[in-house]
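Computed from heavy atoms alone, side chains included, the values below leave out hydrogens, waters and symmetry copies.
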Amino acid sequence: MSMRDYLGGHGPRSARKTSPSTAKIVMLAVILIGLLFVGLVLYVKGQAGLVHTDQTTLCPTDRPLSEVIVVLLDMSDDFSEPQRLKIQNELERFMIQLPRFGLIEVYTVDRLEQQVITPVVHLCNPGTGDDLSRVYQNPDLARRKWGGFLRHLDAELERLMSSPETPTSAIFEAVQATALRTFNRPVYESLPKRLVIVSDLLQNVPGKLSQYQGIQPFQEFKRSPYYSEVRSDLTGVAVTLLYLVRPRAPQKWPDHYRFWEEYFLDEGATVERIIPVYGDQ
């Protein structure tokens, strides 16, 4: 082969094969850029869906809550086993229906104190993970948090319902505390609010009002100085009553229910449901 042929590009065929093709380089570059772009999109979507939460309460720290539900447990009397099971079933329904990043707080009606009572449970539903993508989110972590949320709440409710009974039942004062501590907070103003009360609804504060002595009409009670002490603002709150039926207690029907319905209406709330809880021993 002459020098002219070699310089003209007609050298050995093996030499031409080992030279990288411009088309292949371009194709590899396009694929690499595409992979980087897909990775960037997934990262951005993952960051957009990431919600920073408090490790203790599981509540979001960078966005508002979705709903607020308060459970008020009247600890003035013991719960029988049938009542305990009924209450747990009903409260579990509320927990399951609570939307992601909804807040649940638990208060107790136990003893009279000078200070306004505070919630004994403050937890947010972290979500089940069913609405999360496996590609750019972490549904398994969300499910573990959801399971921890349910176990923590169940354990606290079980502990509270096993507490010894108390000689008084300051239901008005406890409802007022839920309004002051939770429902009336400006940060919760536009959120849906629910109040679930587990009680026989027999207010018993010696020297103030004892419904064990009879069911006074609400309009008569409304004119008393005591009502001014225990009034609260429950505007927009939907109330569900888990009504502990006690055969030996003076729960005169329907006067007793009407008293409480008128009371909540006067506070700005609405009684949505009253669920009888039988099984008292």
Side-chain angles (χ1 to χ4, degrees), residues 68-79 83-84 87 90-91 94 103-123 153 156-185 188 193-212 215-216 218 221-222 224-244 246 249 251 256-257 259-275 277:
V68 176
I69 178 171
V70 170
V71 177
L72 179 57
L73 293 173
D74 186 353
M75 312 307 299
S76 58
D77 290 292
D78 289 333
F79 297 108
Q83 287 178 324
R84 190 192 306 271
I87 293 166
E90 293 297 335
L91 293 181
F94 282 101
L103 170 66
I104 183 166
E105 291 189 332
V106 180
Y107 288 76
T108 61
V109 181
D110 45 18
R111 59 188 182 279
L112 286 171
E113 296 179 341
Q114 294 297 321
Q115 60 186 19
V116 178
I117 62 173
T118 58
V120 294
V121 173
H122 177 96
L123 285 173
L153 197 54
E156 284 299 311
L157 290 172
E158 178 66 25
R159 181 184 66 82
L160 291 170
M161 286 192 291
S162 301
S163 302
E165 60 184 78
T166 59
T168 60
S169 183
I171 304 171
F172 293 137
E173 289 80 358
V175 170
Q176 185 183 62
T178 69
L180 294 173
R181 296 283 191 190
T182 303
F183 293 129
N184 295 163
R185 292 187 60 188
Y188 301 155
K193 305 178 187 71
R194 305 184 67 85
L195 174 62
V196 181
I197 300 180
V198 181
S199 175
D200 58 14
L201 295 180
L202 288 168
Q203 174 80 7
N204 182 28
V205 176
K208 299 290 186 177
L209 177 67
S210 176
Q211 292 188 323
Y212 283 93
I215 307 302
Q216 181 185 30
F218 174 74
F221 168 68
K222 185 178 177 180
S224 69
Y226 182 40
Y227 183 57
S228 299
E229 296 177 23
V230 296
R231 290 204 66 171
S232 56
D233 180 7
L234 296 175
T235 302
V237 177
V239 179
T240 296
L241 302 174
L242 296 181
Y243 186 80
L244 302 175
R246 304 196 184 279
Q251 294 172 310
H256 194 210
Y257 168 69
F259 176 95
W260 286 97
E261 185 178 43
E262 291 180 32
Y263 159 76
F264 283 114
L265 184 63
D266 202 60
E267 307 298 280
T270 303
V271 177
E272 286 192 336
R273 296 180 64 196
I274 178 168
I275 303 173
V277 179

(message) Quick check for you: to the nearest 0.5 Å, what is the distance between Ile117 atom CD1 and Glu173 atom CD?
(response) 9.0 Å
(request) Before giving the answer on side-chain contact (heavy atoms from CB on, under 4.5 Å), spell out for Phe79 and Val198 the whole-Å C-alpha distance, their side-chain angles and the decisive distance to 0.1 Å. (result) CA-CA 10 Å; Phe79 297 108; Val198 181; 4.1 Å; yes
(message) I need the Asp266 CG to Arg231 CZ distance, nearest 0.5 Å.
(response) 4.5 Å
(request) Start with the C-alpha gap between Phe94 and Arg194, add the side-chain angles, then the distance that decides, and say whether side-chain contact (heavy atoms from CB on, under 4.5 Å) holds. (result) CA-CA 10 Å; Phe94 282 101; Arg194 305 184 67 85; 3.9 Å; yes
(message) side-chain contact (heavy atoms from CB on, under 4.5 Å) for Thr182 and Val68? Distances and angles first, verdict last.
(response) CA-CA 8 Å; Thr182 303; Val68 176; 3.6 Å; yes
(message) Checking Ser210 now: which residues fulfil side-chain contact (heavy atoms from CB on, under 4.5 Å) with it, not counting sequence neighbours?
(response) Asn204, Tyr212, Gln213
(request) Check whether any side-chain heavy atom of Val109 sits under 4.5 Å from a side-chain heavy atom of Ile197, and report yes or no. (result) no
(request) Over 60° means perpendicular and under 30° means parallel, so classify the ring planes of Phe264 and Trp260, tilted if in between. (result) tilted
(message) Using the ring centroid of each side chain, check whether Phe221 and Phe259 are separated by less than 6.0 Å.
(response) yes
(request) Please check if the side chain of Gln251 supplies one atom and the backbone of Arg246 the other of a donor-acceptor pair under 3.5 Å. (result) yes
(request) Could you grab the distance from atom CG of Asp200 to atom CD1 of Ile171, nearest 0.5 Å is fine? (result) 6.0 Å
(message) Let's go through Leu244 and Ile87 carefully: what are the C-alpha distance in whole Å and the side-chain angles of both, what is the deciding distance for side-chain contact (heavy atoms from CB on, under 4.5 Å) to 0.1 Å, and is it a yes or a no?
(response) CA-CA 9 Å; Leu244 302 175; Ile87 293 166; 3.9 Å; yes
(message) List the residues meeting side-chain contact (heavy atoms from CB on, under 4.5 Å) with Gln176, not counting sequence neighbours, and say none if there are none.
(response) Leu180, Ser232
(request) For residues Glu156 and Val121, report the shortest heavy-atom separation together with the two atoms involved. (result) CB-CG2, 3.7 Å
(message) Within this structure, what is the CD1-CG distance for the pair Ile215 and Leu201, rounded to the nearest 0.5 Å?
(response) 9.5 Å
(message) If I take atom OG1 from residue Thr270 and atom CD from residue Glu267, how far apart are they, to the nearest 0.5 angstrom?
(response) 12.0 Å
(message) With heavy-atom distances below 4.5 Å as the criterion, would you say the side chains of Tyr188 and Leu103 are in contact?
(response) yes
(message) Using 0.5 Å steps for rounding, measure from the OG atom of Ser169 to the CG atom of Asp74.
(response) 3.5 Å
(message) By the definition side chain to side chain donor-acceptor pair (under 3.5 Å), identify the one residue from Gln203, Gln216, His256 that meets it with Gln211.
(response) His256
(message) On a heavy-atom basis, which atom in Val175 and which in Tyr263 lie closest, and how many Å separate them?
(response) CG1-OH, 3.4 Å
(request) Determine the minimum heavy-atom distance between Ala177 and Tyr107, stating which atoms define it. (result) O-OH, 3.9 Å
(message) Using 30° and 60° as the class boundaries, would you call the ring planes of Phe218 and Tyr227 parallel, tilted or perpendicular?
(response) perpendicular
(message) For Lys208, is there an ion pair with Glu229 - N to carboxylate O distance below 4.0 angstrom?
(response) yes
